[in-house]
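Notes to accompany the following structure.
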Amino acid sequence: SELTQIHMQKESMDEDFAKQQEKQKQAREALLSLEQELSRYTVKSEKIPNNFDGYKIAQRLGHTIVTPEGSLVPLECEGEDCLDMQGLSLRNVAVKLVNQKNKVVFEDFGELLFTHFGLSGPTILSASAHRKKGDTYRIEIDLKPALDEQKLDARILRDFEENQNRDLENTLGALLPRSMIPVVLRRIGVDGALQANSFTKQNRRALVELLKNFTLEITGKRPVAEAIITSGGIKVSEIDPKTMASKKVSGLYFAGEVID
């Protein structure tokens with residue numbers, strides 16, 4: 001019985017070895033085929049076609065590909081407000097990315113840009129990397145982070161007292177960029193032709209709250225082609241982190257964006 005067990009173990013080892021040899025053979029054949037195909041373009045000095053990307057090459061050689069998607073990427077927003085302000089760049093604003101549970105998952109200070117589809121700029125690109133599939137998000141912008149609500153209210157009151165007989169669109173010119181004024185007035189439900197001396201305390205309160213928390217609902221992100229970097233790619237567990245060599249195919253190495 002002991003000899004039988006030894007014999008069975010040997011058969012099992014032989015079978016595993018044969019499977020491993022077959023896998024290596026298939027990988028070598030795939031790599032050779034790939035080298036021959038690539039050399040055809042090199043010899044002819046032709047540009048390698050677009051469909052010859054690193055993901056497909058790695059997949060052909062047996063590697064697992066985590067679906068690539070944009071990581072640092074502009075965000076699309078609900079409604080027409082961003083479209084109405086497209087091209088407007090804001091500096092020194094505080095930005096928060098908030099999920100459906102009202103949890104702040106990211107916050108930053110710096111620049112952002114309104115576009116025809118939504119938001120872009122450094123703070124937004126950084127925020128986009130913190131989104132998770134299945135969750136919904138909104139962007140909250142503090143347009144006047146250097147002022148608390150009390151100081152901001154005092155600033156608005158002073159501006160309005162100095163311009164009592166001017167309409168709101170002109171009065172707010174010292175406080176907000178021109179293209180943002182109609183959007184802000186629309187949000188608080190006030191006509192821009194209204195004179196400053198008719199602006200009520202309740203109107204002023206609504207304006208302060210909006211400037212400290214200008215909210216935009218995120219509906220999605222831009223295509224991966226517009227991303228600064230991507231997440232996804234060749235599964236890292238299949239690559240030696242010390243040498244960047246493939247664990248599946250001898251002589252194959254990876255680097256850069258092709259790796260997850």
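All residue numbers in this chain count up from 1 along the given sequence.
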Would you check if the side chain of [X] reaches a backbone N or O of [Y] as a donor-acceptor pair within less than 3.5 Å?
X	Y	answer
Ser246	Tyr253	no
Asn163	Arg166	no
Arg205	Thr200	no

Hey, what do you get for [atom1] ([X]) to [atom2] ([Y]), rounding to the nearest 0.5 Å?
X	Y	atom1	atom2	result
Phe254	Ile239	CZ	CD1	5.5 Å
Leu211	Ile156	CG	CD1	5.5 Å
Asp167	Ser198	CG	OG	11.0 Å
Glu76	His116	CD	NE2	8.5 Å
Asp260	Thr64	CG	OG1	11.0 Å
Leu194	Asn197	CG	CG	8.0 Å

Lys/Arg-Asp/Glu bridge criterion (N-O < 4.0 Å) met for [X], [Y]:
X	Y	result
Lys212	Glu140	no
Asp84	Arg186	yes
Asp240	Lys247	no

Inset, instruction - Apply side chain to side chain donor-acceptor pair (under 3.5 Å) to the pair His63 and Glu238, showing each step before the final yes or no. - result: CA-CA 7 Å; His63 276 277; Glu238 298 174 356; 3.0 Å; yes
Do you know the tightest heavy-atom contact between [X] and [Y]?
X	Y	answer
Leu97	Ala127	CD2-O, 3.3 Å
Ser128	Val73	OG-N, 2.9 Å
Ala196	Thr171	CB-OG1, 3.8 Å
Lys132	Tyr137	N-OH, 2.9 Å
Phe106	Ser126	CZ-CB, 3.6 Å
Leu119	Ile124	O-CG2, 3.6 Å

Legend entry - Residue list, side chain to side chain contact (heavy atoms under 4.5 Å, CB included) with Lys101, at least two apart or on another chain: Asn99
Legend entry - Criterion side chain to side chain contact (heavy atoms under 4.5 Å, CB included) on Phe199 and Leu172, from CA distance to verdict: CA-CA 12 Å; Phe199 201 70; Leu172 290 172; over 6 Å; no
Any heavy-atom pair between the side chains of [Y] and [X] that's under 4.5 Å?
X	Y	result
Thr215	Asn213	yes
Leu88	Leu113	no
Met244	Ile259	yes
Phe109	Val95	no
Leu168	Val190	yes
Val105	Val98	no
Leu143	Leu90	yes
Val183	Phe214	yes

Side-chain heavy atoms under 4.5 angstrom apart, residues restricted to Ile, Leu, Val, Met, Phe, Trp, Tyr: same cluster for [X] and [Y]?
X	Y	answer
Met85	Leu185	yes
Leu112	Ile181	yes
Val93	Leu207	yes
Val236	Val66	no

Inset, instruction - Validate the cation-pi geometry between Arg222 and Phe117: distance from NZ or CZ to the six-membered ring centre under 6.0 Å, angle to the ring axis within 45°. - result: yes
Inset, instruction - Check whether NZ of the Lys or CZ of the Arg Arg155 lies under 6.0 Å from the centre of the six-membered ring of Phe160 and within 45 degrees of that ring's axis. - result: no
Inset, instruction - Determine the sole option in Arg158, Arg204, Lys201 for which the side chain to side chain donor-acceptor pair (under 3.5 Å) test with Asp153 is passed. - result: Arg204
Is it the case that atom [atom1] in [X] sees more than 12 heavy atoms from other parts of the structure closer than 6.0 Å?
X	atom1	answer
Gln100	CD	yes
Lys96	NZ	no
Glu80	CD	no

Inset, instruction - Would you sort out whether Ile139 and Ile141 count as a side chain to side chain contact (heavy atoms under 4.5 Å, CB included), showing the intermediate values? - result: CA-CA 6 Å; Ile139 289 287; Ile141 308 168; 3.7 Å; yes
Inset, instruction - Give the C-alpha distance, both sets of side-chain angles, the deciding distance and a yes or no for side chain to side chain contact (heavy atoms under 4.5 Å, CB included) between Lys144 and Asn92. - result: CA-CA 8 Å; Lys144 300 294 177 182; Asn92 302 321; over 6 Å; no
Inset, instruction - Could you walk me through whether Cys77 and Ile218 pass side chain to side chain contact (heavy atoms under 4.5 Å, CB included), step by step? - result: CA-CA 5 Å; Cys77 298; Ile218 303 302; 3.8 Å; yes
